[in-house]
Amino acid sequence: MHQPAITDLAAADPEIAGLVEQEAKRQYEKIRLIASENYVSTAVLEATGTVLTNKYSEGYAGKRYYEGQQVIDPVENLAIERAKAVFGVEHANVQPYSGSPANLAVYLAFLQPGETVMGMALPAGGHLTHGWNVSATGKWFRSVAYGVRKDTGQVDLDEVRDLALAERPKVIWCGGTAIPRTIDYPGFAAIAQEVGAVLAADIAHIAGLIAGGAHPSPVGHAPVITTTTHKTLRGPRGAMILSDAEHAKALDRAVFPGLQGGPHNHTTAAIAVALGEASKPEFSTYAHAIVANAKALAEALVERGFDLVTGGTDNHLILIDLTNKGIAGKPAAKALDRAGIELNYNSVPFDPRKPFDPSGLRLGTGAITTRGLGTDQMVKVAEWIDQVVQAENNGDEAAIERIAGEIRDLLGNYPMPGWR
Ligand SMILES: *Cc1c(COP(=O)(O)O)cnc(C)c1O
């Protein structure tokens with residue numbers, strides 16, 4: 001049963017309630033390795049399901065365009081103060097609806113349409129909103145992209161510097177969605193300073209690791225930091241922009257009234273709850289366990305002959321190039337899902353295949369670490385992944401079904417917040 005219980009929903013709308021229950025059970029029975037997902041606490045779930053969703057509060061605390069903010073102002077101020085304390089920043093805006101709008105606000109704050117932005121190419125591990133051509137950020141701004149080196153799979157800061165000197169971007173993004181290695185914030189900051197660009201660090205994936213001290217912080221190097229709140233940070237769907245005092249006003253104005261109307265106050269409350277959790281010592285234990293699990297899983301995969309981009313990981317994320325296994329990413333991901341291992345197919349750097357049918361798989365250990373799995377289980381997970389890939393290559397559906405059962409048995413020992 002879903003926790004907290006959804007009895008009124010079940011009475012009013014059995015169809016939706018039934019689907020919610022099915023999804024909770026599905027999350028309970030799967031090894032969830034999608035690198036951008038997690039399990040939020042029941043406290044975060046409860047905060048998102050409150051009457052705060054009924055309230056409009058355009059503006060910022062003390063300067064709202066609607067009356068009745070006696071309670072909302074302290075909620076938002078708590079979220080802001082906790083964000084500042086957890087990340088050690090001078091300013092926080094907790095209103096962006098999600099990561100993509102948070103990044104758009106950075107463009108609105110510091111660029112005119114047609115001006116130059118530089119970010120990591122999507123196929124190399126960047127995000128759509130870092131100027132990729134199909135995104136508004138690539139259509140409305142002049143975008144130049146850096147990639148990774150073919151021999152290392154990693155960013156080459158000399159190449160980034162050469163490109164920045166030639167193209168003179170006003171904003172430089174660092175960070176992305178498929179980067180298995182530590183980001184060199186001081187290195188990016190030196191380049192941004194040399195060309196007079198604003199360095200924006202997008203820490204969406206690794207915010208929880210940074211909060212828990214398991215990845216270096218961009219604070220002091222990047223004056224502007226954007227993040228989602230729902231990946232390793234383990235909060236509700238939402239986002240924040242963190243900054244120094246100098247850039248605060250332009251960012252606040254860009255979020256409201258530049259891009260958004262009323263903030264989602266139930267989400268703000270849940271962000272505050274998640275940040276409260278992130279300030280506890282247990283969260284640091286969790287963040288370090290994510291990295292330990294990823295390293296253990298990477299090592300066990302390498303032992304089984306899997307080819308990892310960059311050869312391993314420093315964070316929560318692993319990128320597998322399946323070419324040597326004789327299977328593409330999509331059929332492998334679909335077979336793994338049938339076996340109870342949920343992940344996504346992903347392009348690898350210099351992928352000869354199409355983005356919708358790429359060569360790789362992306363894995364992350366945030367959710368399974370929340371679930372309580374440890375490094376011992378990672379060896380077993382690697383074994384299952386290997387067996388499923390072989391079973392799919394041999395058309396052995398019975399083996400896939402057997403593994404799904406074994407995984408359900410294992411996960412019976414690891415409770416999930418949100419389902420009982
Ligand atoms: C997930 C992600 C985003 C976008 O977040 P949404 O909430 O999906 O809009 C932006 N940047 C990076 C690096 C991300 O990983």
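Indexing begins at 1, ligand by ligand and atom by atom, following the structure's order. Because the structure is a prediction, the values reported are computed rather than measured. Both backbone and side-chain heavy atoms feed into the values below; hydrogens, waters and symmetry mates do not.
- Ring pair Trp173/His130 is parallel by interplanar angle, where below 30° counts as parallel and above 60° as perpendicular.
- A donor atom on one side chain and an acceptor atom on the other are not found under 3.5 Å apart for His316 and Asn293.
- Contact annotation: for Thr226 versus ligand 1, there are no heavy atoms closer than 4.0 Å.
- In terms of polar-atom proximity, defined here as any N/O pair under 3.5 Å, Ser98 does make such a contact with ligand 1.
- Glu277 and Ser41 share a donor-acceptor pair across their side chains, judged by distance under 3.5 Å alone.
- Considering backbone and side-chain atoms alike, Ser100 places an N or O below 3.5 Å from some N or O of ligand 1.
- Among the atoms of Gly99, some N or O lies under 3.5 angstrom from an N or O of ligand 1.
- One option in His205, Lys231, His127, Arg237 has a heavy atom closer to atom 2 (C) of ligand 1 than any other, and that option is Lys231.
- Applying the 4.0 Å criterion to heavy atoms of Gly176 picks out, from ligand 1, the atoms 13 (C).
- Under 3.5 Å, the side chains of Arg234 and Asn38 contain no donor-acceptor pair of N or O atoms.
- Aromatic ring centres of His221 and Phe188: separated by at least 6.0 Å.
- Within ligand 1, the atoms closer than 4.0 Å to a non-hydrogen atom of His230 are 7 (O), numbered from 1 in the order shown.
- Remark: ligand 1 atoms within the under-4.0 Å shell around heavy atoms of Asn103 are 10 (C), 11 (N).
- Between the side chains of Tyr60 and Asp73, no donor N or O sits under 3.5 Å from an acceptor N or O.
- Shown in contact with Thr228 at under 4.0 Å from a heavy atom are these atoms of ligand 1, numbered in order with element: 5 (O), 7 (O).
- Asp321 and Ser359 share no donor-acceptor pair across their side chains, judged by distance under 3.5 Å alone.
- At least one N/O-N/O distance between Asp202 and ligand 1 falls below 3.5 Å.
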